[in-house]
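This report refers to the structure that appears directly beneath it.
Both ligands and their constituent atoms are indexed starting at 1 by order of listing.
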Amino acid sequence: MTRPFVFPGLTTRVVFGHGTLAQVPDEVARLGHSRALVLSTPHQEGEAQALARQLGSLAAGVFAGAAMHTPVEVTDQAIVAFRAANADCVVSLGGGSTTGLGKAIAVRTGADQVVIPTTYAGSEMTDILGETAGGEKTTRRDPAIRPEVVVYDVDLTLTLPVALTVTSALNAIAHAMEGFYAPDRHPVTEALSREAMVAFREALPAIAKDPQDQDARAKALYAAWGCSLTLGHVTMALHHKLAHVLGGSFGLPHAETHAVLLPHTTAYNEPAVGDLLKPTADTFGHGSAGKGLWHFAKSLNAPLRLSDLGLTAKDLDRAADIATRNPYANPRPVTRDGIQHLLQQAFDGHCPDQTTKGRTNHDHQTQAS
Ligand code: NAD
């Protein structure tokens, strides 16, 4: 039987291809703007300056201070620059950190955003903003956060180092994986997530072999778009909660943490929603979605151990406490013991098991332990 669904409509204009950076001036003008502040990290300042030159009279300046987890101090500085330059929109060139800064400016000033993603993290299609203040990361959703235009230029991803390519793609696959069992999933996210997983499975080994492989890079960026769209449309659960805890409270690196957790969070929920995770199991093999993802990550030399990312054995208890302190929706009940076991396996880098019995229906459970 066809499952009932709500499709909220598509709100972000997407331009995808090779050399599409050349279209950014037209996209700024199309929005009715004439003074764009170009944003980047310090690492990508050269590319941002080149884009500002390309924008010519449409450029109001460059702010190259974007940083991981969108610290509010950086946003405050960027807004001073935005106002001083008399800017009327932002053009964010970079990964999730730069997109996050553009969103933080947009939600405070009402500025329109043109985003040019250069990683697969997937912030560009979402209405989600995570910000850090006083060492605490908080996340909110608001329609005002969602970018107006996204320009995907495959050529810009050719410089993405293989290690970051792999972890960033696993970060993207996590959006698709959780999208399969999201209570508000709909046929658009389901279809794109299925396609994205297959595209990443085909593209990543090819990119690892030849990072300049244009077809594989195009396939990976296309997959990233599908995963980002899923993240931007549906509710995430255990995987994103745990990644948020480890990044926000223990300072673990974003993409690598998603990469290590992914097989384990998938395996945790598999006893409850194995049928919904079947596309993942079918795509990555090894008889289960969690195991398939672990072997895929291993074959790409992705990090497999939280212990390699800076987490210590004594952090595990506190991480499990924080992750189970507040109830949230997840297909399988989130128990203190279950999360402790999951974190221990991810800490040691073992292939995940599914020894703990879970529920077999699709009701999302909350727990309050
Ligand atoms: P990032 O944006 O911090 O980029 C990592 C580094 O790689 C930076 O130095 C960047 O300049 C560099 N880089 C980016 N693209 C490159 C390229 N093509 N070639 C060479 N170097 C390149 O990392 P990220 O993983 O893309 O983003 C992580 C951040 O995004 C986190 O803060 C995370 O919370 C956020 N995020 C938010 C959402 C959302 O929907 N709100 C979704 C995903 C990620």
Side-chain angles (χ1 to χ4, degrees), residues 12 21 38-48 50-51 63-72 74-75 92-104 106-107 113 115-132 136-147 150 152-176 178-179 207 211-212 217 220-221 224-225 227-236 239-249 251-259 303:
T12 300
L21 193 65
V38 180
L39 308 174
S40 75
T41 60
H43 179 72
Q44 288 174 293
E45 181 169 5
E47 289 90 326
L51 177 57
F63 180 88
M68 188 77 88
H69 302 312
T70 327
V72 288
V74 174
T75 301
S92 310
L93 175 71
S97 297
T98 304
T99 304
L101 176 61
K103 289 172 161 182
V107 78
Q113 307 165 63
V115 181
I116 307 151
T118 61
T119 70
Y120 308 130
S123 176
E124 63 276 4
M125 296 297 296
T126 84
D127 57 356
I128 306 167
L129 171 62
E131 299 183 276
T132 317
E136 286 246 338
K137 188 168 177 183
T138 50
T139 299
R140 58 180 151 151
R141 291 188 99 131
D142 185 322
I145 290 169
R146 203 187 289 276
V150 176
Y152 287 101
D153 187 337
V154 177
D155 298 348
L156 300 177
T157 62
L158 296 174
T159 52
L160 195 62
V162 168
L164 183 53
T165 296
V166 168
T167 52
S168 191
L170 291 168
N171 181 184
I173 291 172
H175 312 327
E178 290 223 287
I207 294 171
Q212 303 300 311
R217 284 291 188 182
L221 194 60
W225 168 64
C227 294
S228 180
L229 190 138
T230 296
L231 177 65
H233 273 240
V234 303
T235 307
M236 296 287 119
H239 173 88
H240 285 75
K241 171 73 179 180
L242 277 185
H244 183 93
V245 167
L246 295 178
S249 302
L252 262 57
H254 180 82
E256 291 88 338
T257 303
H258 274 273

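At a 3.5 angstrom cut-off on N or O pairs, Thr119 counts as close to ligand 1. Checked against a 3.5 angstrom limit, the closest N/O atoms of Pro161 and ligand 1 fall outside it. The shortest N or O to N or O distance between His69 and ligand 1 is under 3.5 Å. Between Gly122 and ligand 1, not a single N/O pair is under 3.5 Å apart. Considering both main-chain and side-chain atoms, Thr118 comes within under 3.5 Å of ligand 1 through a nitrogen or oxygen pair. For ligand 1, none of its N or O atoms has an N or O atom of Gly94 under 3.5 Å away. Of the polar atoms of Thr159, at least one N or O is found under 3.5 Å from an N or O of ligand 1, judged by distance alone. The N/O atoms of Thr157, backbone and side chain alike, include none that comes under 3.5 Å of an N/O atom in ligand 1. An N or O contact shorter than 3.5 Å links Lys137 to ligand 1 by distance.
In the candidate list Ala224, Ala48, Ser97, Ser97 is nearest to atom 1 (P) of ligand 1, counting heavy atoms.
Atoms of ligand 1 found under 4.0 Å from any heavy atom of Ser123, numbered from 1 in the order shown, are 37 (C), 38 (C), 39 (C), 40 (O), 41 (N), 42 (C), 43 (C). The atoms of ligand 1 that sit less than 4.0 Å from any heavy atom of Ile128 are 39 (C), 40 (O), 41 (N). Near Lys103, the atoms of ligand 1 lying under 4.0 angstrom from a non-hydrogen atom of the residue are 39 (C), 40 (O), 41 (N). Every atom of ligand 1 is numbered from 1 in the order shown, and the set under 4.0 Å from a heavy atom of Leu231 is 40 (O), 42 (C). Listed by number with element, the atoms of ligand 1 under 4.0 angstrom from any heavy atom of Thr41 are 10 (C), 11 (O). Remark: ligand 1 atoms within the under-4.0 Å shell around heavy atoms of Leu156 are 18 (N). In summary, the atoms of ligand 1 found under 4.0 Å from a heavy atom of Gly95, numbered by their order in the structure, are 2 (O), 26 (O).
A donor-acceptor contact shorter than 3.5 Å is absent between the side chain of Thr230 and the backbone of Ala176.
Closest to atom 43 (C) of ligand 1 among all protein heavy atoms lies Ala121 O, 3.3 Å. Here the protein heavy atom with the shortest distance to atom 10 (C) of ligand 1 is Gln44 OE1, 3.5 Å. Here the heavy atom of the protein found nearest to atom 40 (O) of ligand 1 is Thr126 OG1, 2.7 Å. Of all protein heavy atoms, the one closest to atom 44 (C) of ligand 1 is His254 NE2, 3.5 Å. Counting only heavy atoms of the protein, atom 24 (P) of ligand 1 lies nearest to Gly96 N, 3.6 Å. Protein heavy atom closest to atom 9 (O) of ligand 1, with residue, atom name and distance, is His43 CB, 3.7 Å. Considering only non-hydrogen protein atoms, atom 6 (C) of ligand 1 sits nearest to Leu164 CD2, 4.2 Å.
Using a 4.5 Å heavy-atom threshold, the side chains of Glu124 and Thr12 count as separate. By the 4.5 Å heavy-atom criterion applied to side chains, Ser123 and Ile128 are not counted as neighbours. Looking at heavy atoms from C-beta onward, Tyr120 lies in side-chain contact with Thr157 at the 4.5 angstrom threshold.
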Could you walk me through whether Thr167 and His258 pass the side-chain contact (heavy atoms from CB on, under 4.5 Å) test, one step at a time?
-> CA-CA 7 Å; Thr167 52; His258 274 273; over 6 Å; no
So Leu231 and Met125, side-chain contact (heavy atoms from CB on, under 4.5 Å) or not? Walk me through it.
-> CA-CA 8 Å; Leu231 177 65; Met125 296 297 296; over 6 Å; no
Verify side-chain contact (heavy atoms from CB on, under 4.5 Å) between Asp155 and Leu21, making sure each step is shown before the conclusion.
-> CA-CA 9 Å; Asp155 298 348; Leu21 193 65; over 6 Å; no
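Residue contacts with ligand 1 do not include Glu124, since none of its heavy atoms lies under 4.0 Å from the ligand.
Contacts of His244 classified as ring pair (Phe, Tyr, Trp, His ring centres under 6.0 Å), with partners at least two apart in sequence or in another chain: none.
Using modelled atom types, one finds a donor on one side chain and an acceptor on the other under 3.5 Å when comparing His175 with His240. Side-chain N/O atoms of Ser40 and Glu47 include no donor and acceptor closer than 3.5 Å.
For residues 92-101, there are no side chain to side chain donor-acceptor pair (under 3.5 Å) pairs, not counting sequence neighbours.
When all heavy atoms are compared, the tightest approach of Thr119 to Ser168 is CB-OG, 3.6 Å. Heavy atoms only, all atoms of each residue included: Gly95 and Gln44 are closest at N-OE1, 4.2 Å. Nearest heavy-atom pair across His239 and Ala174 is NE2-CB, 3.3 Å.
Paired with Thr118 under the rule side-chain contact (heavy atoms from CB on, under 4.5 Å), one option of Leu156, Leu221, Leu158, Leu160 passes, and it is Leu156.
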